[in-house]
Each structure stands twice: as structure tokens, then as C-alpha cells.
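A short write-up of the structure that comes next.
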Amino acid sequence: MHRYRTHTCGDLRETQAGEEVRLSGWCHRIRDHGGVLFIDLRDHYGITQCVIDPDSGAFAAAEKLRSEWVVRFDGHVRRRPEGTENPEMPTGFVEVYVTAILILGPAAELPLPVFGEHQYPEDMRLKYRFLDLRREKLHNNIMLRGAIIDSLRARMKAGGFFEFQTPILTASSPEGARDFLVPSRLHPGKFYALPQAPQQFKQLTMVAGFDRYFQIAPCFRDEDARADRSPGEFYQLDIEMSFVTQEDVFEAVEPVLRGIFEEFGEGKPVTQQFPMISYSAAIRAYGSDKPDLRNPLLIHDVTQAFRDSGFGVFAKRLAADPEARVWAIPAPGGGQRTFCDRMDSWAKSEGQPGLAYIFWREGEETGAGPVAKNVGPERTEHIRRGLNGVPGEWVQVPAPELTASTGEKFPLEVANPYRQLRPEGLKAGDAVFFVLGKPDDIYKFAGLARQRLGTELNLATKDVFEFCWIVDFPMYEWNEDEKKIDFSHNPFSMPNFDHDAFIALDDADQATTLSIKAFQYDIVCNGIELSSGAIRNHRPDIMKKAFALAGYDEAVLLEKFGGMYRAFQYGAPPHGGIAPGVDRIVMLLAGEENLREVVLFPMNQRAEDLLMGAPSEVTPKQLRDLHIRLNLPEKKG
RNA sequence: GGGGGAGUAGCUCAGCUGGUUAGAGCGCCGGCCUGUCACGCCGGAGGUCGCGGGUUCAAGUCCCGUCUCUCUCGCCA
């Protein structure tokens with residue numbers, strides 16, 4: 001007989017009744033009835049009920065067992081007595097009658113129990129991660145993660161991609177997030193950096209002629225955490241392809257993601273054709289470049305209805321500032337004063353001056369609330385009827401005409417789900433909220449309000465994965481602090497502009513420069529940015545011009561990206577790629593709200609590993625070897 | 001770096017406008033219990049109320065400072 005087990009705790013069924021078996025595992029739950037003792041024995045594969053009674057010879061030993069002790073049981077399988085079966089468990093029709101017990105690993109009193117679904121404090125869970133990981137939900141999440149990564153690999157390989165490994169110790173990159181640095185012992189005063197992404201390596205792999213690259217790539221960024229952003233390190237399905245257009249990348253990646261979500265999405269519908277939405281249309285219609293399309297609400301432009309109106313606050317601002325707009329977010333079902341006031345105080349808590357609104361109720365068809373009174377019944381009626389998802393004279397709907405990457409147009413009801421909700425405009429019981437300001441200043445808040453209304457009014461579709469492409473990101477943006485033009489995303493993207501005309505551009509022509517779009521795209525699912533990618537700029541002359549337009553001369557380009565700039569001098573193929581975030585994909589598929597629920601050993605929000613105690617101090621000798629002298633900040637107080 | 005929330009038994013939490021000996025559930029220890037699967041019943045141990053200072057006759061409760069955790073904004077080519 002094997003030293004530890006003949007079967008796992010998930011194996012045994014009625015067909016094995018009568019067999020002599022040996023099981024090893026953790027004491028999951030112990031029920032002591034005095035004369036008979038039930039121990040649920042748990043391992044990775046399942047749980048098996050084990051029974052000990054005074055006749056078994058193991059009774060005295062069994063009474064000493066406690067939760068989470070690791071034990072080996074010898075015994076025989078038997079069918080459970082009639083009426084005591086547990087159909088909830090795969091092994092619920094059998095039990096093991098235990099005749100011998102060997103304690104393999106006793107456990108101290110637990111800081112957090114494994115059994116049950118109680119919520120425990122985050123720092124406790126992280127410090128005792130090995131216990132937390134024994135719990136069913138987290139254990140399953142980690143196994144799901146592995147299965148998803150297997151499937152991603154298989155799908156990529158089936159798509160003709162090859163997996164590569166790129167360096168972990170590399171050079172600090174000047175753009176983007178803060179780097180993690182590793183001091184060099186052999187080169188005093190110099191540092192390696194952990195890669196924020198294998199961006200340059202994958203492009204160089206294309207220059208080297210490998211054609212279709214992928215990697216489940218670790219990425220390191222020294223930035224503060226978010227619920228959907230791990231501190232320090234995370235994984236991307238990193239992809240790069242040669243001789244491709246944007247559409248080729250879409251056609252390669254879309255089926256992989258759709259397939260993964262269909263395979264692991266437990267039957268929840270997945271967008272069959274990912275619509276393409278331009279960055280500017282997304283900002284105007286959803287107030288975000290990562291719109292949650294489960295929410296049917298659209299932001300309407302009702303500037304016209306307030307211009308020269310009796311609502312002084314808005315009318316004056318519109319008269320004074322030609323760029324100012326009034327954006328309206330319809331709130332079907334939100335037409336109660338208490339609800340509107342609650343939204344107003346929420347807006348104030350978000351640092352806004354407030355949230356103007358009109359609402360409609362039976363007997364007050366001309367609209368209730370101070371805004372309606374000041375604007376007057378005629379304009380209020382234009383707003384009410386105009387908020388039906390169809391553009392009109394007084395109300396503009398910036399709903400994009402959605403296109404699939406195949407070029408196919410989506411029908412209006414897909415592109416504009418809001419139209420289905422209120423085809424005749426708002427009615428009694430509904431409300432509308434108004435945001436005033438320059439689009440650049442108000443879009444984020446308008447987007448937040450749209451999300452909040454969707455949630456509060458329970459309008460969002462549930463149990464679906466709504467995907468879209470966000471395309472046509474601006475190549476440059478205005479940096480208000482430094483009063484200069486900056487790269488909007490990354491300097492590697494190819495401008496979506498005639499190449500000769502681009503090179504001929506006047507460096508001082510800021511208006512044209514700021515209007516240039518890039519072949520830069522994101523995939524968004526349920527309001528979460530899953531990946532970002534681009535067709536790269538593989539031409540040194542265009543790259544030099546791209547830097548010049550952002551105010552950098554060739555010396556800067558050489559200093560910052562010398563390796564790649566040099567590589568592009570020797571025959572670079574047109575190429576592009578994308579990098580879906582593996583952790584976020586798993587998070588969505590596991591139905592979790594926080595990345596820590598899908599990472600085996602995560603750090604806390606302050607980038608500390610509470611289990612291993614990282615980061616930690618090191619010995620003076622280690623520092624001497626690295627030629628480092630500490631210069632610590634003064635202790636506060 | 002800014003803002004919100006939290007810190008009371010091993011864990012989750014209650015503890016009102018300051019007032020006698022700080023409570024409950026789970027866990028732990030002991031006893032009883034032969035069919036449970038969140039087993040049940042009886043008893044017990046376990047608390048510098050995060051830390052420091054202040055106000056007060058009296059502070060878990062009010063004030064100030066500080067530390068820790070958490071969410072969030074900044075940040076994230």
C-alpha cells in the first residue's frame with residue numbers, strides 16, 4: 001500500500017464499497033457525537049466523510065484530532081446507511097470506516113478558519129495566505145486561473161503564434177510608470193530595471209523576423225494599487241505580429257478572447273462581434289474611454305435647450321464660454337425628489353457643485369423641480385421628448401455608428417440600446433440630470449453619473465460579457481502643467497495620418513498635431529480595460545517626426561529608445577500587437593471584484609507581501625556589495 | 001501625496017446622550033451525546049477596548065496627536 005494514499009478525497013464512489021483504502025488530507029470539519037465521530041477529510045480533489053466508532057480501534061486517536069490537522073486514515077469504504085446520504089457531495093453516498101490513524105501534521109489554533117464562508121480582514125488573509133488558499137472559493141479561483149492560461153496558450157498556438165521569453169533584468173525605460181530598480185554589483189552606480197512590459201523586446205523580436213510572438217509575460221510597475229490593478233506585478237497575454245493592419249490584429253485577438261469567455265463564462269452571453277467605438281464617441285456618449293455597455297444609458301448633449309434660457313446659471317455660462325456644453329443623463333425610473341436629491345448630494349461628495357435635474361410625475365407633465373420652472377415648459381418638453389436616443393434639433397445623441405472589425409455595421413438597436421428603453425422620450429416617473437462645463441472637464445464626472453444611475457436604477461444587463469474596441473485614440477494631448485504637447489499614450493504607435501504629410505507637418509502647428517489620431521486601440525469588457533495595443537511606428541523618419549512634434553529632438557529619441565531606433569534602421573517590418581491583462585480576464589471570469597482573489601500570493605495595497613515580509617531590510621554587507629549607502633527620510637514626529 | 005471608513009476576546013461584531021463587574025456568535029478548553037454533514041446540550045478560560053496625551057468626579061464612548069488596515073482620488077508610456 002502506498003505510504004500516504006491509495007485514493008484522493010474526491011475519488012470514492014459506491015462502486016468501491018468494501019475496498020480497503022488509505023486517504024491523506026486535512027481534517028475539514030469534525031462532528032463528535034460521543035459514540036460516533038464524523039471527520040470530513042479534505043484534499044485538493046474533494047471531501048470524504050470518515051467515520052470512527054469505539055469499536056474501530058482508532059477511536060482514542062480520533063478524539064484528539066482538531067481542525068486542519070493533516071492525517072492519514074486507513075479504513076474501508078462502505079455505503080452510507082439508508083437515509084444518511086448527502087447528495088450535495090460527489091462522495092456523499094459513501095464513507096470510510098477508519099481503523100487506523102497516523103498524524104502527519106498537527107495544526108495550532110487557527111488565526112482564521114478554513115471552513116465556512118466568513119469574510120476576514122485583508123491583512124489577516126494575506127499574512128495567512130496558505131490558509132486562505134485552502135478555502136474553496138479561492139482555491140477554485142487559482143485553479144481557474146491555471147485553466148484559463150492553458151487555454152490562452154493553446155488558442156495562441158493554434159493561431160500560429162510562438163511563445164518567447166524576454167529578459168526580466170533589463171534597462172530602465174524613460175516613459176510610463178515608475179520602474180522597479182535592481183542595483184548592479186558589477187557596475188557601481190548602475191541599475192537594471194524590471195520590465196513594465198516586454199514592449200521593446202517584442203517589437204525587436206518582430207524586427208528579428210519571428211513574425212508572430214506571444215508570451216504570458218510578467219510586468220512590473222511601481223505604481224499605487226487599485227482594486228483592478230495589482231501593486232508591483234501582473235501578467236499580460238503579450239502579443240505582437242508582423243505585416244499586419246489594425247484589422248488583422250483584431251481578427252487574431254477577438255476570437256481568442258471571445259473563445260476564452262465562452263469557455264469559462266459559465267454560459268453567460270459574450271459579444272459575438274466586438275463593436276468599434278472611437279475614443280471621441282466613447283467620451284461623449286459614455287463619459288469614459290472604457291464604457292460599461294451593460295448600462296444602456298447614453299449621455300445626450302442638450303446645450304441648445306439651455307442656451308438663452310431662463311435658467312440663469314447655465315445660460316450665463318454658455319454665453320460666456322463658447323466651449324461649454326450641457327450634458328444630460330436620462331434616469332428612467334428616477335423621477336422622485338428624494339432620489340434626485342440623493343444624486344445631488346452624491347455629486348457634492350464627489351467634489352462637484354451639485355447635479356441639476358428635472359423630473360416628471362403624474363399631474364406635472366411639464367416637469368418638476370427648479371430647473372424645469374426656470375427653463376420653461378416649452379424647452380422642458382423638447383428635452384423630455386428629445387431624450388429618446390434619436391438626434392434632434394434640441395438634443396444631440398453622440399451615439400456612435402458602431403462598426404465591427406470586419407467592417408459590418410451594427411443595427412441601431414444594438415448601437416443604441418437606450419432607444420429601446422424610452423422610444424417616446426422620458427415620461428412620468430423619470431428624471432434627467434444635467435452636467436455643465438467644458439467637455440474635457442466634465443466627461444469623467446458625467447461618466448461616473450451615468451454608471452451610478454445605471455446601478456441605482458438597476459438598468460444594466462446582468463450576467464453578460466459586453467465587449468467593445470475603443471479605437472482612434474489621439475496621438476498627442478495638451479499638457480496643461482507644462483504648457484506643451486505630449487504623447488497621449490506611447491510614442492511607439494503609428495500615427496493614423498498620411499506618412500508624407502505627417503513628415504511635412506510644421507512642428508509649430510499645434511492644432512493639426514493635436515487632431516492626429518493613432519493606430520492605438522483598447523479592448524473593454526463590462527467597463528474594465530482588458531488590453532491596450534497599437535500598430536507600431538516602424539519607420540525611423542516618422543518616429544523622428546513624431547518626437548519632434550512633441551518637442552523632442554533626435555538626441556532625446558536616441559537616448560530614450562536608441563536600441564529600437566537603431567534596429568529600425570536595418571529593415572523593420574510593419575508590425576503591431578496588443579496585451580490583454582491576464583489577471584483582469586481571470587477576475588471577470590471568476591466573478592471577483594478584486595485582483596487579490598485571483599492571484600496566488602498577492603501583495604497588499606501598499607505593495608507589501610505580508611506572508612514573506614517583502615520588502616525587507618538587507619544586511620550592511622549586501623549594501624556594501626552593491627555600493628549603496630542609505631539616505632533614509634527623517635522619521636516623522 | 002489628498003480624502004472617506006475602520007481598529008473592542010484567536011476571528012466576526014454589538015456596546016445609545018460619558019456612569020456599576022465591557023457583551024454575543026464562531027473558535028478554543030472540559031463534560032455529556034451512536035448517524036451527523038453549519039450536529040446538539042451544559043460548563044469554562046480568554047480583553048493594557050491599536051498606541052500616546054488631554055478634558056472630566058468618571059472615558060471603549062468626547063478632544064488632540066500617532067500608528068495600522070481598507071476603499072478611493074492623484075499616478076498608471
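Letters A, B, ... are given to chains in the order of the sequence lines, protein chains preceding strands, and every chain is numbered from 1.
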Report yes or no: is there a donor-acceptor pair, N or O only, under 3.5 Å between the side chain of A:E95 and the base of B:G35?
-> yes
Can a salt bridge be assigned to the pair A:E529 and A:R229 using a cut-off of 4.0 Å between side-chain N and carboxylate O?
-> no
Hey, are A:R129 and A:D132 close enough for a salt bridge, meaning a charged N less than 4.0 Å from a carboxylate O?
-> yes
Taking atom C1' in both B:U61 and B:A14, what distance in whole Å separates the two?
-> 13 Å
Counting any heavy atom closer than 4.0 Å, what does A:R78 reach on the DNA or RNA strands: base, sugar-phosphate only, or nothing?
-> base
Which nucleotide in the list B:C76, B:C37, B:G74 gets nearest to the side chain of A:R221?
-> B:C76
Tell me: CD of A:E608 to C1' of B:U68, nearest whole Å?
-> 10 Å
Going by an N to O cut-off under 4.0 Å, is there a salt bridge joining A:E136 and A:R42?
-> no
Salt bridge or not for A:K202 and A:D238, using N-O below 4.0 Å?
-> yes
A:R29 vs B:C39: side-chain N/O to OP1/OP2 distance below 4.0 Å = yes
Just how far, in rounded Å, is P of B:G10 from CZ of A:F115?
-> 23 Å
P spacing across the pair B:U70 / B:C76, given as an integer number of angstrom = 23 Å
If you take atom types as modelled and just measure distance, does the side chain of A:N86 reach the base of B:C37 with a donor-acceptor pair under 3.5 Å?
-> yes
For atom C1', what is the distance between B:A58 and B:U17, given to the nearest Å?
-> 16 Å
Please state how far atom CD in A:E109 lies from atom C1' in B:C28, giving the value in whole angstrom units.
-> 4 Å
For B:U61, the Watson-Crick or wobble counterpart (both distances under 3.5 Å) = none
Roughly how far apart, to the nearest Å, are B:A9 and B:A45 at atom C1'?
-> 11 Å
With a non-hydrogen cut-off below 4.0 angstrom, is A:E85 in contact with a base, only sugar-phosphate, or nothing?
-> base
Determine if A:H33 stacks with B:U36; use a centre-to-centre distance below 5.5 Å and an interplanar angle below 30° as the criteria.
-> no
Whole-Å distance, A:K290 NZ to B:C76 C1', equals 9 Å
Should B:C76 form a Watson-Crick or G-U wobble pair with both distances under 3.5 Å, which nucleotide is its partner?
-> none
For atom CD of A:E63 and atom P of B:C33, their distance in whole Å = 11 Å
Can you figure out which of B:U70, B:U34, B:C37 approaches the side chain of A:L126 most closely?
-> B:U70
Calculate the interatomic distance between A:R66 atom CZ and B:G30 atom P; express it in whole Å.
-> 6 Å
Kindly confirm or rule out a cation-pi arrangement of A:R29 over A:F115, judged by NZ or CZ under 6.0 Å from the six-membered ring centre and within 45° of its axis?
-> yes
In terms of the nearest nucleotide of RNA chain B, which residue is placed more toward the 5' end: A:D55 or A:M124?
-> A:M124
In this structure, CZ of A:R536 is separated from CZ of A:F492 (nearest 0.5 Å) by 8.5 Å
Taking only the side-chain heavy atoms of A:N604 (C-beta and beyond), determine which of B:C69, B:G30, B:C71 contains the nearest atom.
-> B:C69
If you look at every strand shown and take non-hydrogen atoms under 4.0 Å, does A:D53 touch a base, only sugar-phosphate, or nothing?
-> nothing
Base, sugar-phosphate, or nothing for A:R596, non-hydrogen atoms under 4.0 angstrom?
-> sugar-phosphate
Watson-Crick or G-U counterpart of B:A24, or none if no pair lies under 3.5 Å | B:U12
Which is true for A:Q199 with a 4.0 Å heavy-atom rule: it touches a base, it touches only sugar-phosphate, or it touches nothing?
-> base
Which of these, A:R79, A:R78, A:H76, sits in a side-chain hydrogen bond (donor to acceptor under 3.5 Å, both in side chains) with A:E95?
-> A:R78
Should A:R229 be listed as having a side-chain N or O under 4.0 Å from OP1 or OP2 of B:U72?
-> no
How far, in whole Å, is B:G25 from B:U21 if one measures between their P atoms?
-> 23 Å
Any idea which of B:C11, B:C37, B:U72 is nearest the A:Q605 side chain?
-> B:U72
Please state the P separation for the pair B:G2 and B:U66 - nearest whole angstrom.
-> 11 Å
Do any side-chain nitrogens or oxygens of A:R31 fall under 4.0 Å of OP1 or OP2 in B:U36?
-> no
Quantified in whole Å, what is the C1' atom distance between nucleotide B:C64 and nucleotide B:C26?
-> 37 Å
Protein-nucleotide distance (A:D132, atom CG; B:U12, atom P), rounded to Å = 12 Å
Can A:K560 be said to sit on top of A:Y552's aromatic six-ring, NZ or CZ under 6.0 Å from centre and within 45° of the ring axis?
-> yes
For B:G40, which nucleotide is its Watson-Crick or G-U wobble mate, given both distances must be under 3.5 Å?
-> B:C32
Considering only atom C1', compute the distance from B:C49 to B:G10 and round it to an integer number of Å.
-> 16 Å
Taking a pair as Watson-Crick or G-U wobble with both distances under 3.5 Å, which nucleotide is matched to B:C69?
-> B:G5
Nucleotide nearest A:P81 when distance is taken to its side chain, options B:C69, B:C71, B:G35 | B:G35
The nucleotide from B:C69, B:C37, B:C71 with an atom nearest the side chain of A:N594 is B:C71
Rounded distance in Å - CZ (A:R606) to P (B:U70) = 8 Å
